[in-house]
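Each remark here refers to the structure printed beneath this line.
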Amino acid sequence: MNETYHIQMTREALSPDFSAAALEQIIAANLGQDSLINQVAHDHFHFDNNSFEAGYSYIATCRQNAIDAAQAGNMPLARAEFGRLTHTVQDFYAHTNYVALWRELHPQAAPEQIDPLLDSCLTDSRLHSGKLYYPLEILYFVPFLREWVLPHLPADSHAQMNKDDTSRPDFEYARIAAVHRTRLEWLRLAESLTMAEKMSLTDKKSEPA
Ligand SMILES: [Zn+2]
């Protein structure tokens, strides 16, 4: 998704539990995943090109690294690992057809109702993500060429499938699923930490989740 939405979604999901300073560290690591060096040959950071196995395993690794760092008392590293994880789980909804599969089962449902982890969608054999058809795909990122290039790219291309900004169909479903998932990932991480570790990680005086 675009940087603006990664920032908004991460704030929306985590600001109740994290101090502003801790949240900024998480957001910085989230946005770092979209730096040029992390766009090339890092499909699994963004669930591009059907990199499901690598994407799921990357999320698990970041989660474990965040736990290890928090237990070792290295909170900046724990926040960075968790921040990287938030980027990848958020991109899952923007770059795959998960939302379409969920909406097929819930045609009348509003975006607020989306379940980000419905098993039957996650295990659906039709689940796939956008492929990057270079070099044409590059032109999609040039605003005035976008409309021209879209009809030349197949239905399973990143350009046709992405829900990266408000101009894209089903963006709001992807955005809300990503916010819910980010929150769930924090609750899951918190389960592995002691109260003292959680308070240090969130940098909050009151008890977090
Ligand atoms: Zn990304």
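Side-chain atoms are counted along with the backbone in the values below, which use heavy atoms only and exclude waters and symmetry mates. Whatever order the structure lists ligands and atoms in, that order sets their numbers, starting from 1. Note that the numbering runs from 1 along the sequence shown for the chain.
One finds no salt bridge joining R84 and D91 here, because no Lys/Arg side-chain nitrogen approaches an Asp/Glu carboxylate oxygen to under 4.0 Å. Salt bridge E24/R79: absent, no basic N to carboxylate O contact under 4.0 Å. Under a 4.0 Å N-O distance rule, the pair K131/D156 qualifies as a salt bridge.
A cation-pi arrangement is not found for R175 relative to Y5, the charged atom failing to lie both closer than 6.0 Å to the ring centre and inside a 45° cone about the ring normal.
With Y58 as the fixed residue, the ring-ring contact (aromatic ring centres under 6.0 Å, His included) test singles out one of H46, H87, H42, H44: H44.
The shortest distance between side-chain heavy atoms of F52 and N50 falls below 4.5 Å.
The tally of protein N/O/S atoms under 2.8 Å from the Zn ion (ligand 1) stands at 4.
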